[in-house]
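Only heavy atoms go into these numbers, but all of them, side chains included; no hydrogens, no water, no symmetry mates. Because the structure is a prediction, the values reported are computed rather than measured.
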Amino acid sequence: MKILVVNAGSSSLKYQLIDMETESVIAKGGCEKIGLEGSFCKHKANGKETQINAPMPTHKEAIQIVLDALVDKEYGAIKSMDEIDAVGHRIVHSGEIFNDSVLLTDENMKKIESLTELAPLHQPANIIGVNACKAIMPNVPMVGVFDTAFHSTMPEKAYIFGIPYEAYTDYKVRRYGFHGTSHRFVSNEAAKYLGRENDPNFKVITMHLGNGSSISAIKGGKSLDTSMSFTPLGGVPMGTRSGDLDPAIVEYLAGKYNMTVTETITYLNKKSGVMGISGVSSDFRNLSEAAENGNKRARLALDVFNYSCKKYLGAYAAALGGVDCVVFTAGIGEHDATVRQAIAEDMEYMGIEIDKEKNAHITDGICDISGAHSKVKVLVIPTNEELVIARDTERLAK
């Protein structure tokens, strides 16, 4: 079975074609500047990378270019579109309607559209991507895999805010959490690696650290709490997002900088986080270089990020009643040894200890970087959200 995985953004579309027999990627790429001048598609298959420059007024044209590239005699990966058995779509928000991936029937699409106000930047693009695929491949099963659905197992005490309950009952204001496919994948991989599959008492804290970061407390494969909140703005400070802060700051900043509420939220989303603290960059590689060269604000930005992650680590160990495993994943979690070391530092009292040598020399696949006396397993696990989408798509399409 071959599954096409699609991740549609407002002006972009990323894709992978996965052979489920071997779970290997046989082609992948992305379309950029959809609806804009100079649109193009970068396509990679059989070790060759090709750039296709073509007008893409909408996602429908982008999808058609992707399909044409997949069957191209020179740089394609399959002989016919008939080889694509199903399409899996990343969809950001499941609200409280869905707690698992679903077939994208007309009825389910209406429900997904009703959740647009909960993710106004991402949900419309996801829907456009689905509709574009349906228009070109009307007889191919389509499956939606949600960022938030994995966190639907959170107990009420974890997702309700300290505001009048009517805000929840009337407008569904609550913690939803994001990065669910990543947290689900790496927590399952950790359970397999440690021989704790289907163990209802396996307690793992997964740390998805990248330009967008979130941390989750997971027990027996179910999310009990997560750092991102009503939107992806909550939690630890990120590349350009503020993370948690006193809500009164919004009104205060709006008044001081003469901004509207919308402008203030943009300020917190696009100009804050480690970028805002450092004034240097949202890229941790640039921050590390600047800090090593004596830039105090870059050093402060890194310290604030690491300290915040450490606090969540301690809090979620308390929420779980102990922890068996800590997993680092995503761009920073997988590739920044300094950040991993800083977060785990001085955590021996909790049974968490990292081996500095192992931490500094990560290899491909799952890496155990636990110290010799660590009671808690500390793992680095590469995330694979596309594979999660493909697996769910195969399960439902069959």
Side-chain angles (χ1 to χ4, degrees), residues 150-151 153-155 158 177 179-180 182-210 213-228 235-236 284 302-384:
F150 178 66
H151 301 300
T153 52
M154 283 190 291
H179 293 145
S182 178
H183 290 294
R184 176 178 153 200
F185 178 78
V186 297
S187 61
N188 287 342
E189 290 295 298
K192 288 179 193 174
Y193 182 78
L194 297 174
R196 302 286 296 272
E197 283 183 278
N198 303 316
D199 182 347
N201 295 311
F202 180 54
K203 302 169 184 176
V204 56
I205 297 171
T206 51
M207 311 190 82
H208 178 107
L209 308 180
S213 297
S214 64
I215 300 168
S216 289
I218 300 166
K219 183 178 179 181
K222 295 181 179 180
S223 174
L224 298 188
D225 207 344
T226 191
S227 59
M228 278 184 171
V236 300
F284 277 63
L302 292 170
D303 288 346
V304 168
F305 176 80
N306 296 336
Y307 179 65
S308 183
C309 291
K310 185 190 292 282
K311 286 201 295 183
Y312 266 103
L313 182 57
Y316 284 166
L320 289 167
V323 58
D324 299 309
C325 178
V326 174
V327 176
F328 289 97
T329 193
I332 296 165
E334 293 172 32
H335 302 294
D336 197 321
T338 306
V339 166
R340 293 192 298 265
Q341 187 68 49
I343 292 170
E345 202 167 50
D346 300 323
M347 299 291 276
E348 290 85 358
Y349 72 96
M350 272 181 51
I352 298 172
E353 182 186 332
I354 279 181
D355 183 297
K356 290 184 179 180
E357 187 66 21
K358 291 179 182 176
N359 183 46
H361 298 94
I362 296 296
T363 56
D364 292 338
I366 298 175
C367 291
D368 185 342
I369 59 171
S370 313
H373 304 292
S374 185
K375 295 177 181 178
V376 176
K377 282 291 181 182
V378 185
L379 306 176
V380 179
I381 302 180
T383 193
N384 195 336

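- Note that SG of Cys367 and NE2 of His361 are 12.0 Å apart. Values are rounded to the nearest 0.5 Å.
- Under the 3.5 Å distance criterion, the side-chain polar atoms of Ser308 are left unmatched by any main-chain donor or acceptor of Phe305.
- The number of heavy atoms from other shown groups lying within 6.0 Å of NZ (Lys377) does not exceed 12.
- Atom OH of Tyr193 is separated from atom CG of Asp368 by 4.5 Å, given to the nearest 0.5 angstrom.
- Looking only at side-chain heavy atoms (C-beta outward), Val326 and Val204 stay at 4.5 Å or farther from each other.
- Ser187 places a side-chain N or O within 3.5 Å of a backbone atom of Arg184 that can act as its donor or acceptor partner.
- Using modelled atom types, no side-chain atom of Ser182 and backbone atom of Thr383 make a donor-acceptor pair closer than 3.5 Å.
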Task: Criterion side-chain contact (heavy atoms from CB on, under 4.5 Å) on Phe284 and Leu209, from CA distance to verdict - done: CA-CA 11 Å; Phe284 277 63; Leu209 308 180; over 6 Å; no

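- Counting heavy atoms from C-beta outward, Val327 and Val378 have side chains that stay 4.5 Å or more apart.
- Under the 3.5 Å distance criterion, with hydrogens and angles disregarded, a donor-acceptor pair is assigned to the side chains of His183 and Ser214.
- Inter-residue side-chain proximity for Lys203 and Ile218 is flagged as unmet; no heavy-atom pair is nearer than 4.5 Å.
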Open item on the list: Could you walk me through whether Arg340 and Ile362 satisfy the side-chain contact (heavy atoms from CB on, under 4.5 Å) test, starting with their C-alpha distance in whole Å, then the side-chain angles of each, then the deciding distance to 0.1 Å, before giving a yes or no?
Closed with: CA-CA 12 Å; Arg340 293 192 298 265; Ile362 296 296; 3.2 Å; yes

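- The environment of NZ in Lys222 is sparse: at most 12 heavy-atom neighbours from other residues, nucleotides or ligands sit within 6.0 Å.
- Applying side chain to side chain donor-acceptor pair (under 3.5 Å) to Thr329 and the options Glu189, His179, Glu334 leaves one that passes, Glu334.
- The CG atom of Asn384 sits 5.0 Å away from the CZ atom of Phe185 when rounded to the nearest 0.5 Å.
- Asp336 is not listed as a side-chain neighbour of Phe328, based on a closest heavy-atom distance of 4.5 Å or more.
- Asn359 places a side-chain N or O within donor-acceptor distance of the main-chain N or O of Ala337, the cut-off being under 3.5 Å.
- A distance of 9.5 Å separates CE of Met228 from OG of Ser216, quoted to the nearest 0.5 Å.
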TODO: Could you please spell out the steps behind the side-chain contact (heavy atoms from CB on, under 4.5 Å) verdict for Val323 and Leu313?
DONE: CA-CA 10 Å; Val323 58; Leu313 182 57; 5.9 Å; no

Task: Working for side-chain contact (heavy atoms from CB on, under 4.5 Å), residues Asp355 and Ile369 - done: CA-CA 6 Å; Asp355 183 297; Ile369 59 171; 5.6 Å; no

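- With a 4.5 Å cut-off on side-chain heavy atoms, Gln341 and Ile354 count as touching.
- His373 contributes atom NE2, which lies 10.5 Å from atom CD of Glu348 (distance to the nearest 0.5 angstrom).
- To the nearest 0.5 Å, the span separating CG on Asn198 from CG on Asn188 amounts to 9.5 Å.
- Between the side chain of Ser374 and the main chain of Glu353, a donor-acceptor pair closer than 3.5 Å is present.
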